[in-house]
Engineer: 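Can you keep this structure in mind? I'll have questions shortly.
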Amino acid sequence: MKLSCISITNYRTITRSQNFNLSDHLVLIGGNTSLKSTLLYAIKTALELIKDESNSQKNYIWEKDFPGQLMNRKTSLETTFKLKFCLDENDSKQLKTITNMSFKDELTIEIVIGCTNISSFNLIKDEKTSVALNGKLAKIREYITQILPCVYISSYDTNSLNMEIEKLLTCIMTKLQNSSEYIEAINTIKKFNLNKLAELSNELISGAYALNDLKLDYSYITPKMLIEANGMKLDSVYQNDVKIGMILKLIEKLENAIILMDEPEVHLSQEAIYLLSRKINGLKDKQFIVSTQNSNLVDLENISNNVIVEDKPIQAKKLLEIQNSLGIDITDEFSNYQNVIFVQNANDLQVLELYIRNNFQFTKLGDAIKAKKIGIIDVGENSKILPYILKAKKLLVKPYIILNNTEASRKKASALLKQEYVSDDEIVYTMCNGEADAEMIDSISPMVYTKMVLDKYEINLKTIKIKNVEFSKRIEEAYTQNGKKLSRSILNDIKASIVSSAAEVTNIEVFPDQRANWLYELLHKIDQAL
């Protein structure tokens, strides 16, 4: 079950009826407009009213939630929520079991609240109120509450983190205690509970580590914990990193959920904000609706999942619209870029540019390269690549990294992957022939340049005995066999000549085997996304 649409009338800053279509992953973007928060809180309020009608005065307060400028009117002094739920096959089956009525793929509930704070409900079928369905209202509301728990993280109330942890724990434990396995095993309930709690405790602790690298010293579950690291109390920002990490771990255990996050960056450290976006994108089976002013939380994989909220919500169609809404200052280095490929050597940059020119000349990718919408940047072999990655992400530019195939680069890549600063599809090695190879030029098929080296430098590379080492060492060995000494200037001249010879090759065989496959797949993916 998913919440596919909500219509809101006369609620806080919404003084007329507005419809909001909701996807599985929705990012609300904009400045300090209250409409983003209003939408999130309206969803929370409506779902809480469905859950507990008797507690409506806590969930909705007419004096605060009804628009103040409309209170002097004599008519239409009501707030209305209309929620449309998308049902899967199992939802339809379960609802038919508990109501003896057939459901297709949709269910709509209308909630009306007046100045008495008393809410009334209508179930709507085929755009009409269904009297028969209203007779089954209690059972339907109970099913929605069970199947679609709602998590809400406020931008201003840090205590909401504790409340959500406690609520999720209760939800998970209630489901556990109502399971048939639990009931059948009542005689071993103590052992059963201890095992499950131990498992849950371990998962929460791993969740607490998820959004920071701190070593935490605690071994018990309680929402109101005192978190310490190395004997010192952490500041509130890092405590919130831990708590949101725990919330995400608990959400993983739910089969279904709608998670509302109102500017979560307010609670988090800078490192955790970026990692949170990775976690959200990884929970594809849950419905996330996030409001933000932080570019790290923008959905770059699917631009249409981002909604720009100003006077009214507008679905984003272009990356530039999002950049303008967030007031992102594009620097000259990344000007107009939508994607950027980082390499660690100037030769790598030249070879890659040649490959793109020869194989993607008349495609969107070729046009994008000419228009500087895609950048290929040499970051240097010994530089720290993380600042480049974070800069690209902050500017909403999709980064790809081609690392040298050295031990140092592999360690660097492992750290980036482990901390989830990059994903597997964003990082690759030059896929050279040997473990120590570190130059993109080594990825060029020898058939491209062997004859040229022999004619111009009188070096027969086919006679080289040593294999699977760096290109430079193979050239050096060839010179040694000829009784010569290789200078740096000659080596650079040979490399430059090879790059030039590669420019004459117009097919994909410049890079043989898996190197060509990876480059082609990567560049085709970028081409399709443009």
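Below, all heavy atoms of this structure are taken into account, side chains as well, without hydrogens, waters or symmetry copies.
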Engineer: Apply the test side-chain contact (heavy atoms from CB on, under 4.5 Å) to residues F20 and L26: give CA-CA distance (whole Å), side-chain angles for both, the deciding distance (0.1 Å), then the verdict.
Structural biologist: CA-CA 11 Å; F20 300 87; L26 194 67; over 6 Å; no
Engineer: For a 4.5 angstrom cut-off between non-hydrogen side-chain atoms, does I153 reach L260?
Structural biologist: no
Engineer: Check whether any side-chain heavy atom of L83 sits under 4.5 Å from a side-chain heavy atom of T108, and report yes or no.
Structural biologist: no
Engineer: Are Q293 and E265 close enough that a side-chain donor and a side-chain acceptor fall under 3.5 Å?
Structural biologist: no
Engineer: Tell me if a side-chain donor or acceptor on R141 pairs with a main-chain N or O of L49 at a distance below 3.5 Å.
Structural biologist: yes
Engineer: Taking the side chain from N117 and the backbone from W62, do they hold a donor-acceptor pair closer than 3.5 Å?
Structural biologist: yes
Engineer: Check I14 against I8 and note the closest heavy-atom contact, atom names and distance.
Structural biologist: CG2-O, 3.7 Å
Engineer: What I'd like to find out is whether the side chain of I172 reaches to under 4.5 Å of the side chain of L250, using heavy atoms alone.
Structural biologist: yes
Engineer: To the nearest 0.5 Å, what is the distance between OH (Y60) and CD1 (I111)?
Structural biologist: 11.5 Å
Engineer: May I ask you to test the P264-V290 pair for a side-chain heavy-atom distance under 4.5 Å?
Structural biologist: yes
Engineer: So among T79, T38, D65, which one has a side-chain hydrogen bond (donor to acceptor under 3.5 Å, both in side chains) with R12?
Structural biologist: D65
Engineer: Under 4.0 Å between a Lys/Arg side-chain N and an Asp/Glu carboxylate O for K51 and E142?
Structural biologist: no
Engineer: About how many Å separate OG of S325 and CD1 of I308, when rounded to the nearest 0.5 Å?
Structural biologist: 5.0 Å
Engineer: With rounding to the nearest 0.5 Å, note down the distance linking NZ in K243 to CG in D241.
Structural biologist: 11.0 Å
Engineer: Between K84 and N21 (side chain of the first, backbone of the second, donor and acceptor by atom type, cut-off under 3.5 Å), is there such a pair?
Structural biologist: no
Engineer: Check whether any side-chain heavy atom of C115 lies under 4.5 Å from a side-chain heavy atom of L77, and answer yes or no.
Structural biologist: no
Engineer: Taking atom types as modelled, find out whether S7 and N19 have a side-chain donor-acceptor pair closer than 3.5 angstrom.
Structural biologist: yes
Engineer: Before you tell me yes or no, could you show the steps for I50 and I140 under side-chain contact (heavy atoms from CB on, under 4.5 Å), namely the whole-Å CA-CA distance, both residues' side-chain angles and the distance that decides it to 0.1 Å?
Structural biologist: CA-CA 9 Å; I50 290 174; I140 293 174; over 6 Å; no
Engineer: For the atom pair CG (L35) and CG (L28), what is the distance rounded to the nearest 0.5 Å?
Structural biologist: 8.5 Å
Engineer: Does some side-chain heavy atom of I341 sit less than 4.5 Å from a side-chain heavy atom of I377?
Structural biologist: no
Engineer: Looking at F342 versus Y400, is the centre-to-centre ring distance below 6.0 Å?
Structural biologist: no
Engineer: Should we say atom CD of E89 is surrounded by more than 12 heavy atoms from elsewhere, each under 6.0 Å from it?
Structural biologist: no
Engineer: Is any NZ, NE, NH1 or NH2 atom of the basic residue among E164 and K167 found under 4.0 Å from an Asp or Glu carboxylate oxygen of the other?
Structural biologist: yes
Engineer: Would you please indicate yes or no on a ring centroid separation below 6.0 angstrom for Y152 and Y41?
Structural biologist: yes
Engineer: Looking only at heavy atoms, which two atoms of F85 and M1 are closest? And how far apart?
Structural biologist: CD2-SD, 4.0 Å
Engineer: Got more than 12 heavy atoms from elsewhere within 6.0 Å of CZ, R73?
Structural biologist: yes
Engineer: Going from CZ on F81 to CD1 on I113, what distance comes out if it is rounded to the nearest 0.5 angstrom?
Structural biologist: 5.0 Å
Engineer: Heavy-atom distance under 4.5 Å between the side chains of L22 and I43, does that happen here?
Structural biologist: yes
Engineer: Under the criterion side chain to side chain donor-acceptor pair (under 3.5 Å), I'd like the reasoning laid out for S304 against N302: C-alpha separation, chi angles, the key distance, then a yes or no.
Structural biologist: CA-CA 5 Å; S304 63; N302 191 340; 2.6 Å; yes
Engineer: Has E78 got more than 12 heavy atoms of other residues, nucleotides or ligands less than 6.0 Å from its CD?
Structural biologist: yes
Engineer: Is it true that the side chains of D262 and S37 contain a donor and an acceptor less than 3.5 Å apart?
Structural biologist: yes
Engineer: Heavy atoms only: give me the nearest K136-M101 pair and the separation to one decimal.
Structural biologist: CG-SD, 4.1 Å
Engineer: What's the shortest heavy-atom distance between E263 and K36, and which atoms?
Structural biologist: OE2-NZ, 3.6 Å
Engineer: Hey, are the side chains of L254 and P149 touching, using non-hydrogen atoms and a 4.5 Å cut-off?
Structural biologist: yes
Engineer: Using modelled atom types and a 3.5 Å cut-off, is there a donor and acceptor pairing between side-chain atoms of N10 and backbone atoms of T80?
Structural biologist: no
Engineer: When rounded to the nearest 0.5 angstrom, what distance separates CD1 in I280 from CZ in F288?
Structural biologist: 5.5 Å
Engineer: Going by side-chain hydrogen bond (donor to acceptor under 3.5 Å, both in side chains), Y143 matches just one of T97, D91, T99. Which one?
Structural biologist: D91
Engineer: Is the side chain of Q287 donor-acceptor paired with the backbone N or O of L3 at a distance under 3.5 Å, no angle test?
Structural biologist: yes
Engineer: Considering all heavy atoms of both residues, which atom of D299 and which atom of N306 are nearest to each other, and what is their separation?
Structural biologist: O-ND2, 2.9 Å
Engineer: I'd like to know whether L248 forms a side-chain contact (heavy atoms from CB on, under 4.5 Å) with L276, so could you lay out the CA-CA distance, the side-chain angles of the two residues, the decisive distance to 0.1 Å, and finally the verdict.
Structural biologist: CA-CA 9 Å; L248 292 174; L276 173 64; 3.6 Å; yes
Engineer: Apply side-chain contact (heavy atoms from CB on, under 4.5 Å) to K318 and I303, showing your working.
Structural biologist: CA-CA 7 Å; K318 296 181 180 179; I303 295 298; 5.9 Å; no
